[in-house]
Structure formats: C-alpha cells, structure tokens
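Because the structure is predicted, anything quoted here is derived from the model rather than measured. Both ligands and their constituent atoms are indexed starting at 1 by order of listing.
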Amino acid sequence: MKFTPILAVAALAAVLGNVQPAQAETKAENDARMGWFREARFGMFIHWGLYAVPAGEWKGKKYGGGVEWLQSLANIPVAEYTPLLEKFNPVKYDAEEWVRLAKDAGMKYIVITTKHHDGFCLWDSAQTDWDIGATPYKKDLLKPLADACAKQGIRLCFYHSIMDWHHPEWGDKAAWRGNAATAKPDMDKFSAYLKAQLDELLAYKPGILWFDGEWEKAWTHERGVDLYNYLLEKSPALIVNNRVDKGRNGMAGFNTGSQFKGDYCTPEQEIPASGLPGVDWESCMTMNNTWGYSAHDNKWKSTEMLVRNLIDIASKGGNYLLNVGPTSEGLIPAPSVERLQGIAAWMKVNGAAIHGTTASPFSKTPDWGRCTTRSLPDGNTRLYLHVFNWPADGRLVLNGLTNEGLKASLLAKPGDALKITSADGSLTIAVPAQAADPLATVIVLDVKGAAKVQ
Ligand code: H79
C-alpha cells in the first residue's frame with residue numbers, strides 16, 4: 001500500500017541520511033560479524049512471487065530455465081503482467097511448516113525474495129502499490145516467516161533485486177516493459193526508492209541482504225559502495241553479498257578486485273573447482289532447472305546429488321544455498337519436500353560433519369569422496385571423511401596424510417573403533433565391508449596437531 005506523504009519523507013531522509021563510509025573493519029570485527037554465516041554451511045533459498053501464477057507458461061507457450069524471468073522471457077508489458085495480482089492468493093502458506101522443513105534439513109538460514117526483477121514486493125510496502133497488499137491475500141508474507149524463524153532459531157535473510165522492471169525510474173529500459181515514465185529515467189529517484197524499501201526491510205532484522213540484478217549499466221560501482229555503506233551504518237551486524245556492487249565475475253561469482261564492496265562471493269548454479277581460498281562464499285543452486293515455481297520443470301536432481309553437493313561445497317569451505325520455489329497457493333512442491341526430507345535423514349546422523357566445519361586439507365579432490373575438518377580445543381584436528389566410493393578391499397587409504405592417527409570410527413557408531421595404520425606417508429583406516437549410507441558414509445578421524453598432507 002502506498003502512502004505518498006511517507007514516500008516523500010522517506011525519500012528525503014534516504015537522500016539526506018547519514019551515508020558516511022563505514023570505518024574500516026578489523027579482522028576480529030569481520031570474524032565476529034561473519035561468524036554465524038561461516039558456521040552455518042547450509043541455507044534455504046525461497047523464490048516466491050507473482051511468477052508462481054503463470055508457473056512457466058504464457059499464452060500457451062511453455063518456457064524453460066528460470067521462470068521467475070517469465071516477464072522478460074515472454075516480453076510481457078507491465079500492463080499485461082499486472083493482472084497476475086488478482087490470482088496470487090497463497091491461502092495454504094504455512095510459515096511454521098516451511099521453517100520446520102528447512103530446520104530439519106539442517107539449514108541454518110533462509111533467504112527469501114522480498115522483491116525479484118519484476119519488482120513485486122512480498123510485504124505491504126509504503127513505497128508502492130505493487131505489493132502483496134494489492135492481492136486478494138493482502139497480508140504481509142514476511143512477518144509470519146520472521147516470527148517462525150525467531151521461534152525455531154533460524155536466521156531470516158532477504159533477497160532483494162536491484163534491477164526492477166516495474167519501477168519507471170529504473171535506468172535500463174527494455175522496450176517490452178512499456179512503463180518508462182520519462183524519456184530519461186532518474187536513478188537518484190530510483191535509489192531513494194530502493195533505500196526507503198530497504199529501511200522497511202531492516203525492521204525485520206534480516207541476517208543477510210542478498211542483492212541481485214546489479215549487472216545492468218544503470219547500477220554503478222559508486223551506487224554499490226554508497227548502498228553498502230548506508231546499510232552497514234544502519235545495521236552494523238548485517239551481512240551483504242557481493243552483488244551489491246559491480247565486482248562479481250558473472251556466474252562464477254567471485255570478486256574481481258578489492259575495491260568492490262560485498263561480504264561474500266556468490267557463485268550461481270556452480271561449485272568452484274577448488275573453492276575460493278581466502279574469501280567467504282556461497283553457491284546458490286536449484287533442485288530442478290528453475291528458481292521460481294514451474295508446473296512443467298521435472299528435471300529434479302537426486303537427493304544423493306544434493307547431499308553430495310552440500311558435502312562438496314563444505315569441503316571447499318563454502319555455503320550451499322539450496323532453492324525451493326513455492327506455488328501461488330503457498331505450497332513447497334512435493335518433489336522439493338521429498339528431497340528436503342531425504343537430506344534431513346542424512347543430516348540427522350551426519351550434521352556434525354557439516355556444521356561449523358572448515359575446508360579439506362587435501363589439495364586434490366580424493367577419489368574416495370570429500371573431507372571436512374574441525375580444529376579441536378587441544379590442538380588436534382578432526383577429519384570427517386565423507387566416503388562416496390566405498391573401498392572394495394576394506395581399506396580407506398588417505399594418500400599423503402602424514403599425521404599420527406589418534407582414533408577413528410564411523411560418525412554413526414562412535415563406540416566402534418576402526419584400526420588405523422600409517423606407512424609410506426599415507427594413513428589407512430580399516431573399514432567395514434559395506435557402506436553404512438549410500439548417499440555418503442562419514443568416518444571420523446582424529447589426528448595429532450594440524451592436518452598435514454604432502
Ligand atoms: O534469482 C535467481 C535468478 O533469477 C537470478 N539469480 C538467481 C539467484 C538470475 N539472474 N540472471 N540470471 C539468473 C542469469 C542471467 C545471467 C546474465 Fe549476466 C545476466 C548473463 C548476462 C547478464 C550476470 C551478469 C551473469 C553474467 C553477467
């Protein structure tokens with residue numbers, strides 16, 4: 001719902017507000033701010049908006065890929081897209097249930113699209129009528145999620161698209177939008193709108209602001225720096241992804257220079273082969289081939305692949321942000337629920353091998369699987385060996401690991417010690433004949449001191 005006088009005041013405050021650059025942060029301060037994110041390792045992405053109504057189909061034609069892009073894929077002018085408002089009525093939305101699904105799967109945070117590229121807002125913003133308040137449902141969708149997250153101990157985080165196909169002042173005009181109010185869009189007015197909306201969103205106390213759609217020319221490095229500083233000034237504990245600025249290297253997502261703002265890198269639909277050493281990062285990925293709900297995308301990844309992606313990412317020191325795209329009724333599709341429950345079963349046994357762990361000491365990805373690590377208080381190191389390919393001869397050989405082995409067992413059976421032998425600069429663990437879990441069987445190995453691999 002739009003209140004014009006408030007818009008004017010908010011816009012003025014946003015322009016005149018204190019946007020002094022934040023003081024340079026010390027490493028200790030950065031460690032404290034990024035701490036929960038580094039421990040989390042696993043989060044849920046939720047892409048939800050008006051595009052769930054057409055669900056990947058427009059005028060009888062089916063579209064593939066990310067169908068949250070439908071307005072652009074089908075070149076739908078704003079005037080034709082607007083009536084979707086009347087059909088977005090998520091009466092089956094149960095925020096408690098969504099958070100429960102995420103929490104059971106071992107996810108520690110949720111990132112929801114407060115506004116995607118089509119500009120539609122999931123909360124009743126005072127800055128626009130292009131929001132949930134104009135649908136038959138009317139009620140704020142973020143508040144119940146914020147409450148459920150607070151109750152269940154999950155961090156709520158917000159995706160917010162910078163690019164906005166609905167706002168007349170967004171500076172890159174595609175002819176199909178048909179909504180340019182002026183011949184020359186005013187990006188200062190757009191920035192004021194962006195900041196006033198972000199002020200509203202900060203009231204929900206999000207853990208992360210996850211920007212996107214920063215690549216169009218209208219968004220500049222200067223605006224990225226200004227927005228980052230604006231947000232950190234207002235909310236010093238906030239984490240902001242690198243898409244606030246212009247430095248990300250396409251889908252690979254890593255920063256191309258230290259002048260660019262953003263607290264972590266954002267590979268999209270890919271896992272960096274050797275991680276991104278020295279920086280924080282998070283790979284966001286879909287379960288099928290779309291982010292927003294599609295009625296016809298059946299290209300689901302297996303639960304095995306999703307669990308192994310999580311392990312692979314953790315072994316490289318990153319986070320996995322795994323997407324669901326709820327329907328316009330407010331339901332997470334059944335294939336997504338099934339997969340989350342499969343992941344939950346694995347995480348119930350093996351969560352300790354993911355949460356709060358650090359990257360593998362092996363420079364080459366081992367043939368048998370992946371490794372995550374944990375520094376123990378006594379200076380020794382715990383290795384979690386996630387075995388994908390179970391050794392046929394009952395011997396798991398860790399090539400090049402020169403540490404003294406202290407003890408080993410299956411994570412699921414801590415009482416049953418496995419025999420460790422060392423020879424020729426490698427360490428070998430005698431394992432049972434059969435893998436305990438076909439998705440990945442985890443062996444815990446404690447070694448003396450810091451892990452050393454030759
Ligand atoms: O919200 C989901 C997608 O809708 C959105 N990001 C995820 C999280 C997304 N936006 N764009 N894409 C996905 C793919 C488009 C990539 C491109 Fe580009 C935009 C190719 C060229 C311009 C970004 C900038 C990648 C390369 C340069």
Participant: Considering only protein heavy atoms, which is closest to atom 4 (O) of ligand 1, and at what distance to one decimal place?
Facilitator: Glu68 OE2, 2.6 Å
Participant: For the residue pair Arg308 and Phe388, would you count it as a cation-pi contact if the rule is NZ or CZ under 6.0 angstrom from the ring centre and within 45 degrees of the ring axis?
Facilitator: yes
Participant: Tell me which protein heavy atom sits closest to atom 12 (N) of ligand 1, plus the residue, atom name and distance to 0.1 Å.
Facilitator: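 For this ligand atom, the closest protein heavy atom is Glu268 OE2, 3.9 Å.
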Participant: Does the distance from a Lys or Arg side-chain N to an Asp or Glu carboxylate O, for Asp263 and Arg33, drop under 4.0 Å?
Facilitator: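 Yes, this pair counts.
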Participant: Salt-bridge test for Asp199 and Lys195: reply yes if a basic N is under 4.0 Å from a carboxylate O, no otherwise.
Facilitator: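 No, no charged N to carboxylate O under 4.0 Å.
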Participant: Would you check if there is a donor-acceptor pair between the side chains of Thr372 and His386 at a distance under 3.5 Å?
Facilitator: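 On atom types as modelled, these side chains qualify, holding a pair under 3.5 Å.
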Participant: Should one rank Tyr51, Trp210, Trp215, Phe45 by closest heavy-atom distance to atom 19 (C) of ligand 1, which comes out on top?
Facilitator: Trp215
Participant: Does atom 10 (N) of ligand 1 have a protein heavy-atom neighbour under 4.0 Å away?
Facilitator: yes
Participant: List the residues meeting ring pair (Phe, Tyr, Trp, His ring centres under 6.0 Å) with Tyr320, not counting sequence neighbours, and say none if there are none.
Facilitator: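 Counting only residues at least two positions away or on another chain, Tyr320 forms a ring pair (Phe, Tyr, Trp, His ring centres under 6.0 Å) with Phe42.
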Participant: Report, in ascending order of atom number, the atoms of ligand 1 lying under 4.0 Å from any heavy atom of Tyr159.
Facilitator: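 Atoms satisfying the 4.0 Å criterion: 1 (O).
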Participant: So which protein heavy atom does atom 6 (N) of ligand 1 come closest to, and at what separation?
Facilitator: Asp212 OD2, 2.7 Å
Participant: Using only heavy-atom distances, determine whether the side chains of Asp164 and Tyr193 contain a donor-acceptor pair under 3.5 Å.
Facilitator: no
Participant: Would you call Asp147-Lys143 a salt bridge at under 4.0 Å N-O?
Facilitator: yes
Participant: Answer with side chain, backbone, both or neither: which part of Arg248 has a heavy atom less than 4.0 angstrom from an atom of ligand 1?
Facilitator: side chain
Participant: Can a protein heavy atom be found under 4.0 Å away from atom 17 (C) of ligand 1?
Facilitator: no
Participant: Can you tell me which residue and heavy atom of the protein come closest to atom 15 (C) of ligand 1, and the distance to 0.1 Å?
Facilitator: Trp69 CZ2, 4.5 Å
Participant: Distance to 0.1 Å, residue and atom name: give those for the protein heavy atom nearest to atom 14 (C) of ligand 1.
Facilitator: Met251 CE, 4.0 Å
Participant: Can you pull out the closest protein heavy atom to atom 2 (C) of ligand 1? Residue, atom name and distance to 0.1 Å, please.
Facilitator: His47 NE2, 3.3 Å
Participant: Could you verify whether a donor N or O on one side chain and an acceptor N or O on the other, from Asp212 and Tyr159, lie under 3.5 Å apart?
Facilitator: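 A pair is found: one side chain offers a donor N or O, the other an acceptor, under 3.5 Å apart.
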Participant: Per the side-chain hydrogen bond (donor to acceptor under 3.5 Å, both in side chains) rule, what does the pair list look like for residues 338-360, sequence neighbours excluded?
Facilitator: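 Of all non-adjacent pairs touching residues 338-360, those that pass side-chain hydrogen bond (donor to acceptor under 3.5 Å, both in side chains) are Thr358-Thr373.
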Participant: Could you list the atoms of ligand 1 found under 4.0 angstrom from a heavy atom of His117?
Facilitator: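 In order of numbering, the contacting atoms are 10 (N).
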Participant: Tell me the protein heavy atom at minimum distance from atom 27 (C) of ligand 1, and give that distance in Å.
Facilitator: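 Atom 27 (C) of ligand 1 sits closest to the protein heavy atom Gly250 CA, 4.1 Å.
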